[in-house]
Amino acid sequence: MKQKRKSPFFITFFDGMVIAGVLIFIGTLAFFIYGKQGGRLQLYIRSADKEQFVSLEKEQTISLRGPAGETVIHVHDGMAEVVSSDCPEKICVRSGTIKEENNWIACLPNHVLIRIKGTTNDGIDAESY
Amino acid sequence: MTESTQKAIDRETLIALLVGFAVFLATIELVIPKPLPFLRLGIANLPILIALRSLRFRDLFLLVFIKIMVMGLFSGSLFSYTFLFSIAGGISSFLVMAGTAAIIKKRLSLVGISVIGAFTSNCVQLWIAGLLVFGEGAWFIAPPFLVVGTISSVLLGLLAARFIQKSQWVRTHLVMNAEHQQ
């Protein structure tokens, strides 16, 4: 163990390269994932047993079953929120309301993911992932 | 007592101490409330980073494995699918960190190794989340998850390097142990 660290902050040039590389990767990923499609917005709901699209304009309450129990989603005036969920931490309920394209709420214990999607070109999604 | 049995006892004590340290930190992390599911600090990986350049591969592997099993028991997730996330993330990131540390010796500090480890663990966990729970939607939660992981791993790497520099315990037990082996 002869190596003496010269930098007082313990960061070498290669560390900087690694951090930069990781950040560039994340940036590129975010660019492809969060690219907006615009058009009419719809709510995409993925639950334990099915996937569905619902309109954001029509007021409705959707109940989903999952491994942890029931997750209830309320849709109104172009917005969506999780009103109740039988999961331990209630992170999904505390996530609040989503209304813009690409906003999402996830409930990992109950296998629920909701997300607002644009509708101009649905094919792009499947390809960019 | 022969010298070799004494060495074996020292080695086991050292691993047990590091596991205890990791479990202590993991328990602290467990009781910190998380505002968002991906905001993890990963402080429990501090002992692994500290020992990475001093212990042999099999000892490190034992440290990582026992820590994951104990935390599975403590958090009650041992027989649930959540455990799959922790074991896959923990083992994969350890393998990549140990591999990187072995290949690139001096040019990469613990900061770089920590960032690589966190990135590996997060990618593997996202992949499993995609496989089991969210499907393609898992990629959608990836960027914030990965950004937070990168920031916290830089801080953890700095902390680990500082720890090694300052700690008398690390100097006597880990650094000397490493010199002994060489």
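Per chain, numbering begins at 1; letters A, B, ... match sequence-line order.
The main-chain N or O of B/R107 is found under 3.5 Å from a side-chain atom of A/T12 such that the two form a donor-acceptor pair.
Few gaps surround CZ on B/F21; more than 12 heavy atoms of other groups in view lie less than 6.0 Å from it. Within 6.0 Å of NZ in A/K90 there are more than 12 heavy atoms belonging to other residues, nucleotides or ligands.
The hydrophobic cluster containing B/I43 also contains B/M71, counting ILVMFWY residues as joined when their side-chain heavy atoms lie under 4.5 angstrom apart, directly or transitively. The hydrophobic clustering, which links ILVMFWY residues whose side-chain heavy atoms are closer than 4.5 Å, places B/I116 and A/I26 together. Each of B/V154 and A/I24 belongs to its own hydrophobic cluster when Ile, Leu, Val, Met, Phe, Trp and Tyr are linked at side-chain heavy-atom distances under 4.5 angstrom. B/F145 and A/V112 end up in different hydrophobic clusters when Ile, Leu, Val, Met, Phe, Trp and Tyr side chains are linked at under 4.5 Å.
Between B/A142 and A/L29, the shortest heavy-atom distance links the atoms CB-CD2, 3.9 Å.
Of the atoms belonging to A/F25, it is side-chain heavy atoms, and not backbone ones, that fall under 4.5 Å from chain B.
Contact of the B/L158 side chain with the A/I11 side chain is registered, since non-hydrogen atoms from C-beta on lie closer than 4.5 Å. You'll find the side chain of A/I19 reaches within 4.5 Å of the side chain of B/V111, heavy atoms only. Two residues are said to be in side-chain contact when any heavy atoms from C-beta on lie closer than 4.5 Å; A/V22 and B/L146 fail this criterion.
Listed options B/A129, B/S114, B/G130, B/G112 were ranked by heavy-atom pairs under 4.5 angstrom with chain A; first place goes to B/G112.
Interatomic distance, A/D15 CG to B/I113 CD1, rounded to the nearest 0.5 Å: 8.0 Å.
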